[in-house]
Amino acid sequence: MRTLRTVLVSSPHSAVSTAVSVPSPSAPVAATASAPAGSSATGSSATGSSATGSSAAAPTVAELMDFVRDTARDEALIASLPLDPEGRTWIRLDGPGGSEAWLIGWPPGTGTGWHDHADSFGAFTTASGALKEHSLAVRLPTDGWKTLELTEGVDRSRVLATGQGRAFGQNHVHEVLNESTDAHAVSVHAYYPPLPRIRRFSRTGAVLRLEQTERPEDWQ
């Protein structure tokens with residue numbers, strides 16, 4: 001059984017936070033804030049569980065993948081996510097082993113922009129609709145740069161339909177999009193350790209530019 005708690009409903013992918021108190025232990029409550037990894041949206045908070053459960057040991061990437069797949073099959077939880085026609089919506093979950101997890105709704109035409117997850121590894125799965133991921137098959141320097149010119153052949157793209165997902169390692173650079181013109185998508189994401197920082201990038205052709213680094217104090 002999932003129970004709700006009082007938390008910040010902004011994601012670490014955004015510098016804006018809004019605190020809400022969840023009054024009922026049985027249903028998510030929406031509040032206005034900024035969406036995980038991108039544009040403004042509506043959010044709420046809950047704890048989550050899966051077949052993997054939680055443990056004192058750090059979760060493996062396989063356990064995170066199991067968690068997001070199991071959670072994506074929870075029809076009641078997916079249906080509890082309020083969907084907004086203009087901005088992304090989300091519910092924050094408790095992932096296995098102290099990981100950070102999110103259930104995210106994507107209106108048609110929304111996306112994250114280019115970003116990474118620093119020292120966190122993770123996984124995500126599409127629970128409904130379809131998402132497209134653009135990623136870079138290259139490990140960027142962790143610090144000390146503002147602009148990089150990417151070499152040819154590093155771009156990867158994949159469409160993740162309902163039930164499909166992927167795992168990723170540290171410093172994974174990507175953007176995620178709902179390219180549908182008329183349908184929402186919903187996805188489940190998990191990260192471990194809880195995100196220590198997010199780097200945001202802009203891209204013009206082969207040139208990738210570091211625009212902003214966000215840290216936990218920016219969203220807590």
P194 and G98: which non-hydrogen atoms are nearest, and at how many Å? CG-O, 3.4 Å

Examine H174 together with H115 and report whether their ring centres are nearer than 6.0 Å. yes

Minimum side-chain heavy-atom gap T147-L210 below 4.5 Å: no

Between V159 and L177, is there a shared hydrophobic cluster once you connect ILVMFWY residues whose side-chain heavy atoms come closer than 4.5 Å? no

Under a 3.5 Å cutoff, is there a donor and acceptor pairing between the side chains of D182 and S180? yes

For a quick test of reading the model, state the closest non-hydrogen atom pair linking L81 to I104 and the distance between them. CD2-C, 3.7 Å

Look at the side chain of S80 and the backbone N and O of L77, then say whether any donor-acceptor pair between them is shorter than 3.5 Å. yes

Considering only residues two or more places apart or on different chains, which pairs with a residue in residues 122-132 satisfy side chain to side chain donor-acceptor pair (under 3.5 Å)? none

Straight-line distance of H189 NE2 to F67 CZ, nearest 0.5 Å: 11.5 Å

Would you confirm whether T204, through its side chain, and V207, through its main-chain N or O, come within 3.5 Å as a donor-acceptor pair? no

At their closest point, which heavy atom of P108 faces which heavy atom of T181, and how far apart are they? CB-C, 3.7 Å

Side-chain touch D94/E100, heavy atoms, less than 4.5 angstrom: no

If two hydrophobic side chains count as joined below 4.5 Å and joins carry through other members, does V173 share a cluster with L195? no

Is the backbone of G129 close enough, under 3.5 Å, to the side chain of N178 for a donor and an acceptor to pair up by distance? no

Should M65 and V186 be regarded as members of a common hydrophobic cluster, given that ILVMFWY residues are connected when their side-chain heavy atoms come within less than 4.5 Å of each other, either directly or indirectly? yes

Main-chain N/O of L160 paired to R158 side chain as donor or acceptor, under 3.5 Å: no

State, yes or no, whether a side-chain contact exists between W114 and H134 at a heavy-atom distance under 4.5 Å. yes

Side chain proximity check, L64 to S99, heavy atoms < 4.5 angstrom: yes

In short, P107 meets G87 closest at the heavy-atom pair CG-O, 3.2 Å

Does any non-hydrogen side-chain atom of S135 lie less than 4.5 Å from one of D155? no

Would you call the rings of Y191 and H117 parallel, tilted or perpendicular, where under 30° means parallel and over 60° means perpendicular? tilted

With distance as the sole test, does T89 use its side chain to make a donor-acceptor pair with the main-chain N or O of P82 at under 3.5 Å? yes

Quick one: do E133 and H172 satisfy side-chain hydrogen bond (donor to acceptor under 3.5 Å, both in side chains)? Show the steps, please. CA-CA 12 Å; E133 183 200 38; H172 178 64; 2.9 Å; yes

In sequence, state the C-alpha distance, the side-chain angles, and the governing distance for E214 and R197, and then conclude on salt bridge (Lys or Arg N to Asp or Glu O under 4.0 Å). CA-CA 5 Å; E214 299 174 0; R197 63 176 179 168; over 6 Å; no

Can you tell me if D116 uses its side chain to pair, donor with acceptor, with the backbone of N171 under 3.5 Å? no

Got a second to check how far W106's CH2 is from L83's CG, nearest 0.5 Å? 13.0 Å

Rounded to the nearest 0.5 Å, how far does CD1 of I198 lie from OG1 of T213? 10.0 Å

Indicate whether any N or O donor in one side chain lies under 3.5 Å from an N or O acceptor in the other, for S202 and E211. yes

Minimal heavy-atom distance between Y192 and A58, with the atoms involved, is CE2-CB, 3.5 Å

Which residue pairs pass the salt bridge (charged side-chain N to carboxylate O under 4.0 Å, His left out) test when at least one of the two sits in residues 119-130, sequence neighbours left out? none

Look at the side-chain heavy atoms of Ile, Leu, Val, Met, Phe, Trp and Tyr, link any pair under 4.5 Å apart, and say whether L140 and F168 land in one connected group. no

What residues form a ring-ring contact (aromatic ring centres under 6.0 Å, His included) with F121, not counting sequence neighbours? none

